[in-house]
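Chain letters run A, B, ... following the sequence lines, proteins first, then strands; residues in each count from 1. Since this is a predicted model, take the numbers as computed values, not measurements.
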Amino acid sequence: MSLLATTSIATIADYAGQTVTLSGWIHNKTEKGKLIFLMLRDGSAMIQCVVFKKNVSEACFAHAQQLTQESACRITGGVRADSRAPSGYELDVQDVEIVSITEDYPISPKEHGVEFLMEHRHLWVRSSKQHALLRIRAEVIAAAQEWLNAQGFIRFDTPILTATAAEGTTNLFGTDYFDLGRAYLAQTGQLYVESGMMSFGKVYCFGPTFRAEKSKTRRHLTEFWMIEPEVAFADHDDNLALQEQFVSAIVQRVLERRSEDLRVLERDLEPLKRIVPPFPRLSYDEAIELIRTKHHEVEGCLPIAWGEDFGAAHETLIAQQFDRPVFIERFPSAIKAFYMQPDPNRPEVALCADLLASEGYGEIIGGSQRIHDPVLLEARIREHGLSIEDYRWYLDLRRYGTVPHSGFGMGIERAVAWISGTRHIRETIPFPRQLYRLYP
RNA sequence: UCCCCGAUAGCUCAACGGUAGAGCAUCUGACUGUUAAUCAGAGGGUUCGUGGUUCGAAUCCACGUCGGGGAGCCA
């Protein structure tokens with residue numbers, strides 16, 4: 001049963017032959033003398049409504065004439081299958097009720113530049129492609145949480161206002177916090193979610209995270225959403241297995257439920273259909289060697305020495321060797337976060353991995369096995385020049401019932417950009433926050 | 001923070017040292033099958049700002065503002 005008195009356009013096929021009332025906005029209008037075509041959008045779908053002058057009252061035809069792009073209205077008419085209609089069904093209009101008339105809607109069906117569209121982001125979300133993309137975002141978020149819930153994970157929310165830097169070095173957004181000095185917006189929920197892991201075993205946090213880095217690329221936002229699972233008694237290999245199942249499940253569910261939106265975005269579905277476990281795995285050492293032999297395949301890609309981190313060109317080169325996402329594992333500890341567990345066979349590398357999306361969309365997951373030994377963790381905190389006092393609670397997790405554990409974080413916007421085939425990350429979130437954009 | 005590029009009608013762009021232009025949108029009129037309808041007509045400009053070069057600047061130069069692409073950093 002519907003919560004509203006009006007019919008949802010998405011279910012219009014169920015009403016063929018019946019008279020219904022639809023509520024929505026005029027997406028487009030074509031006048032042809034005594035015949036008017038109204039493309040009505042209600043959020044669920046669109047349908048073409050046909051107004052014939054001789055079939056309706058004078059008042060009704062006048063109302064239809066007054067409607068402009070994005071005017072709101074209620075339209076009553078008969079549902080009829082018609083091959084001439086874009087969606088296969090159209091509405092034979094009997095009555096038009098105007099709810100509000102829109103004047104001078106800024107976004108016409110013609111082309112626009114990025115600056116103009118971003119300035120009108122609050123209206124741009126009504127456009128077909130943005131609508132499809134944000135539906136896919138919602139599906140990715142729902143799929144991620146529901147898959148984890150089905151695996152016995154508990155959502156464990158972590159704070160956004162924190163007293164210190166979680167990972168120390170990166171730039172943070174700060175704000176005054178009453179008499180307690182500075183507070184910072186979280187750049188990850190990971191440390192806190194480890195507390196939940198010791199309580200519930202399998203947990204995840206999901207929320208916005210903030211990076212005050214002056215990144216200016218199509219892969220970066222200053223505010224982005226991250227989902228971070230954390231599992232007790234899970235080692236590095238368990239972690240990678242979890243990640244490839246998680247990512248595959250999300251992709252397959254989007255293919256299953258949002259194929260119409262992927263079609264609107266003209267996304268090639270074949271690469272997505274291949275996203276099933278197992279994903280290829282490459283050690284950091286193997287990646288260095290691959291770059292040495294194949295760096296000429298990507299412009300601007302130069303060989304790097306052991307101990308250096310990869311740049312964007314290196315990631316592109318590595319990702320394009322495979323037809324599905326690829327793990328790069330066991331990075332040098334020196335270039336990774338302080339909490340990552342060293343490989344017992346090679347203490348100079350960490351039991352961590354980055355997952356690079358296929359088709360050159362870059363890193364979508366970063367994860368690791370965490371240090372569970374309190375002595376080692378405390379030493380690492382000191383080595384990184386961090387305050388033991390700030391991490392007292394985090395060290396407590398290792399003092400009381402410590403166990404090996406692993407986890408990872410997936411950036412929602414990068415995953416959505418990859419799955420939807422969207423070049424720029426800014427379109428994958430309703431209101432992107434970037435270096436030079438805080439409005440609307 | 002660094003490198004590259006851009007700003008002209010509501011929008012997308014042209015004019016590149018000599019009278020400010022087009023398409024779309026808007027308004028008026030015609031049209032019973034349009035899918036970004038078509039046809040006819042009309043209105044619409046502080047060429048981002050400040051200074052400079054020049055007989056003359058949208059055009060060349062400097063600085064500034066806003067924005068776009070990329071690097072680094074990362075998800």
Tell me which nucleotide among U35(B), U32(B), A75(B) gets nearest to the side chain of P86(A).
U35(B)

Distance check needed: C74(B) P versus I365(A) CD1, whole Å only.
17 Å

What is the pairing partner of U53(B), taking Watson-Crick or G-U wobble pairs with both distances under 3.5 Å in any strand?
none

With sugar-phosphate meaning primed atoms plus P, OP1 and OP2, does A312(A) contact a base, only sugar-phosphate, or nothing at under 4.0 Å between heavy atoms?
sugar-phosphate

Just checking, any donor-acceptor pair under 3.5 angstrom between side chains of H236(A) and E329(A)?
yes

Mapping T30(A) and F116(A) onto RNA chain B by nearest heavy atom, which one lands closer to the 5' end?
F116(A)

For residues D285(A) and S283(A), is any side-chain donor paired with an opposing acceptor at under 3.5 Å?
no

What's the CG-C1' distance between L35(A) and U35(B), to the nearest Å?
12 Å

So G311(A), base contact, sugar-phosphate only, or nothing? Heavy-atom distance under 4.0 Å.
sugar-phosphate

Using a heavy-atom cut-off of 4.0 Å across all strands, would you classify H424(A) as base, sugar-phosphate, or nothing?
sugar-phosphate

Confirm from the modelled atom types if S215(A) and C74(B) form a donor-acceptor pair under 3.5 Å, side chain to base only.
no

Is there a donor and acceptor pair closer than 3.5 Å between the side chain of K214(A) and the base of G72(B)?
no

Quiz question: going by heavy-atom distance under 3.5 Å, is there a donor-acceptor pair between the base of G68(B) and the side chain of Q434(A)?
no

Does E90(A) reach a base, just sugar-phosphate, or nothing at all? Heavy atoms under 4.0 Å.
base

Using a cut-off of less than 4.0 Å, is there contact between a side-chain N or O of N28(A) and OP1 or OP2 of U34(B)?
no

Side-chain N,O (H220(A)) to OP1/OP2 (G72(B)) below 4.0 Å
no

For E194(A) and Y339(A), test the side chains for any donor-to-acceptor distance below 3.5 angstrom and give the result as yes or no.
no

Would you sort out whether E70(A) and K29(A) count as a salt bridge (Lys or Arg N to Asp or Glu O under 4.0 Å), showing the intermediate values?
CA-CA 10 Å; E70(A) 292 304 321; K29(A) 172 186 173 185; over 6 Å; no

With heavy atoms under 4.0 Å as the rule, sort L221(A) into base, sugar-phosphate or nothing.
base

Within this structure, what is the CE-to-P distance between M39(A) and U34(B), rounded to whole angstrom?
13 Å

Answer for the Watson-Crick or wobble partner of C66(B), both distances under 3.5 Å, is G6(B)

What about the rings of F408(A) and F246(A), do their centers lie closer together than 6.0 Å?
yes

Pick the P atom in U34(B) and in A20(B), then give their distance to the nearest Å.
43 Å

Any strand: nucleotide that pairs with U47(B) via Watson-Crick or wobble, under 3.5 Å:
none

Quote, to the nearest angstrom, the P distance that separates C73(B) from A37(B).
48 Å

Residue met sooner reading RNA chain B from 5', once P106(A) and F37(A) are mapped to nucleotides
P106(A)

Mind calculating the distance between NZ (K129(A)) and C1' (A36(B)) to the nearest angstrom?
13 Å

Do R211(A) and T209(A) meet the criterion of a side-chain donor-acceptor pair at a distance under 3.5 Å?
no

Roughly how far apart, to the nearest Å, are C63(B) and C3(B) at atom P?
12 Å

Classify D104(A) by what it touches in the nucleic acid, base, sugar-phosphate, or nothing, heavy-atom distance under 4.0 Å.
nothing

Which nucleotide, if any, forms a Watson-Crick or G-U wobble pair with A14(B), using both distances under 3.5 Å?
none

Side-chain donor/acceptor contact of R414(A) with base of C74(B) under 3.5 Å:
yes

Nearest-Å distance once atom C1' is located in both U54(B) and G18(B):
12 Å

Taking the six-membered ring for Trp, are F210(A) and F173(A) parallel (under 30°), tilted (30 to 60°) or perpendicular (over 60°)?
perpendicular

Do Y204(A) and R155(A) have side-chain heavy atoms sitting under 4.5 Å apart?
yes

Would you indicate which nucleotide in A71(B), C66(B), A75(B) comes nearest to any side-chain atom of R211(A)?
A75(B)

Candidate nucleotides C74(B), G68(B), G69(B), ranked by approach to the side chain of R423(A) - the nearest
G69(B)

Should the side chain of H112(A) and the base of C11(B) be counted as holding a donor-acceptor pair, with the cut-off at 3.5 Å?
no

For residues G367(A) and N239(A), report the shortest heavy-atom separation together with the two atoms involved.
C-ND2, 4.1 Å

Centroid-to-centroid, F310(A) to Y284(A), below 6.0 Å?
yes

Whether K32(A) contacts G33(B) is assessed here as follows: a side-chain N or O lying under 4.0 Å from the phosphate OP1 or OP2. Is that the case?
yes

Gap between atoms CG and P, on L91(A) and U35(B) respectively (whole Å)
20 Å

Write down the partner of U26(B) under the Watson-Crick or G-U wobble criteria, each distance required to be under 3.5 Å.
A42(B)

How long is the line joining CZ of F210(A) and P of A75(B), in whole Å?
16 Å

Distance, C1' atom - from G45(B) to C55(B), rounded to whole angstrom:
25 Å

Whole Å only: how far is the CE atom of M46(A) from the P atom of A36(B)?
10 Å

Under a 3.5 Å cut-off for both distances, is U1(B) Watson-Crick or wobble paired, and to whom?
A71(B)

Rounded to whole angstrom, note down the P distance from G21(B) over to A58(B).
13 Å

Base, sugar-phosphate, or nothing: which does F52(A) touch, judged by heavy atoms less than 4.0 Å apart?
base

Using atom CD of E111(A) as one end and atom C1' of A14(B) as the other, report the distance to the nearest whole Å.
14 Å

With a centroid cutoff of 5.5 Å and a plane-angle limit of 30°, would you call F224(A) stacked on A75(B)?
yes

Using Watson-Crick or G-U wobble geometry with both distances below 3.5 Å, tell me the partner of C31(B), or none.
none

Considering only the P atoms, how many Å lie between G49(B) and U59(B), rounded to the nearest integer?
10 Å

Distance check, P atoms only: G72(B) and C16(B), in whole angstrom units.
39 Å

Give a yes/no answer on whether the side chain of R219(A) brings an N or O atom under 4.0 Å of OP1 or OP2 in A71(B).
yes

Given the structure, check if the side chain of Q48(A) and the base of U34(B) hold any donor-acceptor pair shorter than 3.5 Å.
yes

Nearest to the side chain of K216(A) - G69(B), U32(B), G72(B)?
G69(B)

Does A37(B) have a Watson-Crick or wobble partner in any strand here, with both distances under 3.5 angstrom, and which is it?
none

